[in-house]
Every structure is written in structure tokens, then in C-alpha cells.
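These notes concern the structure reproduced below.
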Amino acid sequence: MKIIVLEGSPHKNGSSNMLAGQFIKGAEDAGHTVSILDVAHMDMHPCMGCGHCGMNGECVYTDGNASIRDALLGADMVVFVTPIYYFGMSAQLKMVIDRFYSYTIKLSAKGLKSALITASWDSDADVMPYTAEHYKKLCKYMNFTNCGMVLGTGCGSPEMTKDSVHMQEAYNFGKSL
Ligand SMILES: Cc1cc2nc3c(=O)[nH]c(=O)nc-3n(C[C@H](O)[C@H](O)[C@H](O)COP(=O)(O)O)c2cc1C
């Protein structure tokens, strides 16, 4: 499979990207081809809802969105990677998802496989369900098949993440694909 990993953290070497790195190792060990898009550091604008694209056309912005679109339309799987910010995904990742608008019809027609990888400081059960539910609803709407989630609670810093059970979990998940 061709897998595109969308990394949505401002921390290039942060916790969510560490978990994504383990996932990628596992997926590559299983023979898949993985490409990382560090979308948090790409030139991106938030969707302004102008409707020019009609959900199936050119966006008025000429920024990183076109390369994300082309990568996803040529892929078999998308992996969303994000730190937890106030019980949701980062604005950087959400901006990419909102910009799906101009190619929603094409993207949903592909029937991609998908996964979610998150990192939060807190380790209690109440930190992840909001992001997980949002992701699951997005999968339904976009016709993605959810292959799984690594919900990295207690991964508040690289030091915490390094010793977390979620590192192995992320590797195993990638390897299982
Ligand atoms: C703006 C902001 C909001 C945050 N909100 C939460 C939160 O709601 N719950 C939580 O457990 N951690 C929260 N955190 C902590 C991060 O999720 C945590 O440090 C995570 O490891 C960062 O991942 P990263 O290194 O991949 O960016 C927040 C951090 C920031 C900067």
C-alpha cells in the first residue's frame, strides 16, 4: 500500500511524530511505502468557505493544498497525526481537513483506508474520546475505512513518550497492516 502520513504538530521531533515514526517503521517492515507530509510546516491557508471550488474544483488559494491533494488522490491510506489541543486535533491538521472541501467528491470516491495517531499530556480516559469520535465521523463522511487508532495518552513530552506503551503499540499497528 501507498500510505500518506499527515503530521499536524508544530514540534517536528515531538510526541505525536515519535508515535508516527514507530507506526511508519512497522508499516515499512510490513512492506508498505510511506510518505510523510509535515503539514504543520507547509504554506497553508484556512478554508474561507467562498464556495468557488463547488466541492469539486480548483481552490482560489495556491498553496500547499495542491500537493496534499495530489498525494492523497494517489494513495491507498491516510494517517492523521496530531497532538491533542483542548481535547481536539491541532488547528494545523484541521486546516488541512477543511481544505479537503475542494476535492471532497474525488477523495471520498477513492475509499481510502485511514488511521489516527494522537499524543496528549493527560493520561485519563476523558482526554481522547472527542477527537476519536470526530475522526470516526470524518471517516464515515469521507468513505474512509478506519484501520485503527493509537491514542497516546500520557505522551506529553518526548521523554514521556519514549517510555510509553504507545510506542510499541504504534509499531505493532503499522506492522499489522
Ligand atoms: C495549545 C495546547 C493545548 C493542549 N491541550 C491539551 C489537552 O487538552 N489535553 C492534554 O492532555 N494535553 C494538552 N496539551 C499538551 C499536548 O497535547 C502534549 O504536550 C503533546 O504531547 C504535544 O504533542 P507534540 O509534541 O506532538 O506536539 C496541549 C498543548 C498545547 C500547546
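Counting starts at 1 for both ligands and their atoms, following the listed order.
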At what distance is the nearest protein heavy atom to atom 21 (O) of ligand 1, and which residue and atom is it? Cys155 O, 2.5 Å

Is the ring pair Phe100/Phe144 parallel, tilted or perpendicular, if the boundaries are 30 and 60 degrees? perpendicular

Options Asp126, Val127, Asn13, Leu19, ranked by nearest heavy atom to atom 9 (N) of ligand 1, top entry: Val127

Lys162 and Glu159: salt bridge (charged side-chain N to carboxylate O under 4.0 Å, His left out), yes or no, with the steps? CA-CA 5 Å; Lys162 180 168 58 64; Glu159 294 69 33; over 6 Å; no

Closest protein heavy atom to atom 7 (C) of ligand 1, given as residue, atom name and distance to 0.1 Å: Tyr86 N, 3.8 Å

What one should report as the nearest heavy-atom pair of Ala119 and Ser16 is CB-N, 3.7 Å

Apply side chain to side chain donor-acceptor pair (under 3.5 Å) to residues Asn56 and Lys106 and explain how you reach the verdict. CA-CA 7 Å; Asn56 193 24; Lys106 289 190 189 78; 3.1 Å; yes

Give the residue, atom name and distance (to 0.1 Å) of the protein heavy atom nearest atom 13 (C) of ligand 1. Ile84 O, 3.2 Å

Suppose we measure from atom 26 (O) of ligand 1 to each protein heavy atom; which comes out shortest, and what is that distance? Ser16 OG, 2.6 Å

Looking at atom 12 (N) of ligand 1, what's its closest protein heavy atom, distance included? Trp121 N, 3.3 Å

Answer yes or no: does an N/O atom from Ser15 fall short of 3.5 Å to an N/O atom of ligand 1? yes

Under 4.5 Å between side-chain heavy atoms, counting indirect links through other Ile/Leu/Val/Met/Phe/Trp/Tyr residues: same cluster for Met149 and Ile117 or not? no

Verify salt bridge (charged side-chain N to carboxylate O under 4.0 Å, His left out) between Asp29 and Lys25, making sure each step is shown before the conclusion. CA-CA 6 Å; Asp29 286 352; Lys25 246 190 229 166; over 6 Å; no

Give me the one residue out of Thr118, Thr153, Leu151 that meets side-chain contact (heavy atoms from CB on, under 4.5 Å) with Ile84. Thr118

Should Trp121 and Leu19 be regarded as members of a common hydrophobic cluster, given that ILVMFWY residues are connected when their side-chain heavy atoms come within less than 4.5 Å of each other, either directly or indirectly? no

Ligand 1 atoms nearer than 4.0 angstrom to some heavy atom of Gly14 are 25 (O), 26 (O)

Heavy atom to atom 22 (C) of ligand 1, shortest distance: which of Pro10, Ala20, Pro83 holds it? Pro83

salt_bridge(Arg99, Asp63) N-O dist < 4.0 Å: yes

Starting from atom 31 (C) of ligand 1, locate the nearest protein heavy atom and write down its residue, its atom name and how far away it is, to 0.1 Å. Tyr85 CE2, 3.6 Å

Any atoms of ligand 1 less than 4.0 Å from a non-hydrogen atom of His11? List them with their elements. 24 (P), 25 (O), 27 (O)

Would one find an N or O of Phe87, backbone or side chain, under 3.5 Å from an N or O of ligand 1? yes

Taking atom 19 (O) of ligand 1 as the reference point, the nearest protein heavy atom with its distance: Gly156 O, 2.9 Å

Nearest protein heavy atom with distance in Å, relative to atom 27 (O) of ligand 1: Ser9 OG, 2.6 Å

